[in-house]
Amino acid sequence: MTGRAEGIGSIAVVLLLLVAASAVGCGESDEEKARNDVCDARDDIQKQVKELSNFTLSTATVDGVQKNLNAIQDDLNKITDAQGDLNDERKQDVESANKQFKSQLDSIANGLTSNLSLSGAEQKLKSAAQQLASSYKQTFATVDCG
């Protein structure tokens with residue numbers, strides 16, 4: 001019986017090792033996590049830009065627009081934080097997109113905070129949203145997340 005018990009014990013140890021090894025293999029690498037973070041942030045930027053595009057004079061509030069702009073800024077920071085763990089080619093693409101979009105965002109945000117009349121505010125917001133949508137298409141829409 002001891003031989004059989006040792007055999008069962010050995011099988012149990014092997015099974016435990018296999019389970020442990022497969023659990024370790026299921027974790028994300030730093031590069032996969034970074035890629036997922038970039039893609040999640042990229043998708044959220046698109047969502048925020050779409051929300052800004054849907055604002056009208058009657059639905060837009062300073063707090064609402066600021067919330068969208070802050071969310072975009074947070075997404076850009078997440079992308080910046082994740083860049084270091086990407087492979088060289090992807091890192092270069094993401095850095096370029098991030099830099100270009102951030103530059104556009106800063107320019108647009110500065111334009112929105114200048115003195116606005118009520119009649120000019122809606123047009124300025126629509127124009128800003130269109131510029132952000134265009135900038136997104138030229139930058140982050142080209143980042144592969146498929």
Side-chain angles (χ1 to χ4, degrees), residues 7-146:
I8 291 174
S10 296
I11 292 173
V13 169
V14 169
L15 288 175
L16 285 173
L17 290 174
L18 286 173
V19 169
S22 66
V24 170
C26 290
E28 285 182 317
S29 70
D30 288 346
E31 185 174 349
E32 289 169 329
K33 184 178 178 339
R35 183 172 186 249
N36 289 337
D37 289 349
V38 166
C39 291
D40 290 347
R42 181 196 82 150
D43 292 345
D44 191 60
I45 289 171
Q46 184 178 29
K47 175 186 161 218
Q48 300 303 325
V49 169
K50 184 175 182 180
E51 285 181 15
L52 285 168
S53 298
N54 290 332
F55 279 139
T56 64
L57 188 57
S58 61
T59 63
T61 64
V62 172
D63 287 342
V65 171
Q66 191 64 47
K67 179 181 161 246
N68 291 106
L69 293 175
N70 287 340
I72 291 171
Q73 188 61 53
D74 289 346
D75 290 328
L76 293 172
N77 290 337
K78 287 176 190 173
I79 290 169
T80 299
D81 291 344
Q83 288 172 176
D85 290 326
L86 298 172
N87 68 42
D88 289 342
E89 182 180 342
R90 182 178 269 307
K91 180 180 178 179
Q92 190 174 24
D93 291 345
V94 170
E95 282 178 345
S96 176
N98 203 24
K99 183 178 178 182
Q100 289 175 15
F101 190 85
K102 185 173 179 355
S103 175
Q104 273 293 109
L105 177 66
D106 290 345
S107 174
I108 291 166
N110 287 335
L112 284 175
T113 59
S114 63
N115 293 333
L116 294 175
S117 66
L118 190 57
S119 62
E122 183 173 20
Q123 182 55 39
K124 193 132 188 173
L125 180 60
K126 289 252 182 246
S127 175
Q130 288 172 346
Q131 288 174 332
L132 279 177
S134 176
S135 180
Y136 176 86
K137 286 178 185 170
Q138 293 171 4
T139 58
F140 285 111
T142 64
V143 172
D144 179 26
C145 284

Any Asp85 side-chain heavy atom under 4.5 Å of Lys33 side chain: no

In Gln73, Lys67, Gln66, the residue satisfying side-chain hydrogen bond (donor to acceptor under 3.5 Å, both in side chains) with Asn70 is Gln66

Find out whether Asp74 and Asp44 are in side-chain contact, i.e. whether some heavy atom of one side chain is under 4.5 Å from a heavy atom of the other. no

Here the gap from Thr80 atom OG1 to Asn98 atom CG, rounded to the nearest 0.5 Å, amounts to 4.0 Å

Taking 4.0 angstrom as the limit, do Asp106 and Lys102 come out as a salt bridge? yes

Atom CG of Asp144 with >12 non-hydrogen neighbours under 6.0 angstrom: yes

Please examine the side chains of Tyr136 and Gln46, heavy atoms only from C-beta on, and report whether any two atoms are closer than 4.5 Å. yes

For the backbone of Val49 and the side chain of Ser53, can you confirm whether one donor and one acceptor N or O come within less than 3.5 Å of each other? yes

Within this structure, what is the CD-CD distance for the pair Gln138 and Gln100, rounded to the nearest 0.5 Å? 8.0 Å

Would one find more than 12 heavy atoms of other residues, nucleotides or ligands at under 6.0 Å from atom CD of Gln92? no

Rounded distance [0.5 Å steps], CG in Leu132 versus CG in Leu69: 7.0 Å

Do any N or O atoms from the side chain of Arg42 and from the backbone of Val143 form a donor-acceptor pair under 3.5 angstrom? yes

Could you measure the distance from the NZ atom of Lys124 to the CD1 atom of Ile108? Nearest 0.5 Å is fine. 11.0 Å

Might you point out which heavy atoms bring Leu86 and Arg90 nearest each other, and give the distance in Å? CD2-CD, 3.5 Å

Taking atom NZ of Lys78 as the centre, report whether more than 12 heavy atoms of other residues, nucleotides or ligands fall under 6.0 Å from it. no

Rounded to the nearest 0.5 Å, how far apart are CG of Asn68 and CD of Glu51? 5.0 Å

Measuring from Arg35:CZ to Asp30:CG, what's the distance to the nearest 0.5 Å? 15.0 Å

Before you tell me yes or no, could you show the steps for Val94 and Ile79 under side-chain contact (heavy atoms from CB on, under 4.5 Å), namely the whole-Å CA-CA distance, both residues' side-chain angles and the distance that decides it to 0.1 Å? CA-CA 8 Å; Val94 170; Ile79 290 169; 3.3 Å; yes

Looking only at heavy atoms, the pair that brings Ala82 and Val38 closest together is CB-CG2, 3.8 Å

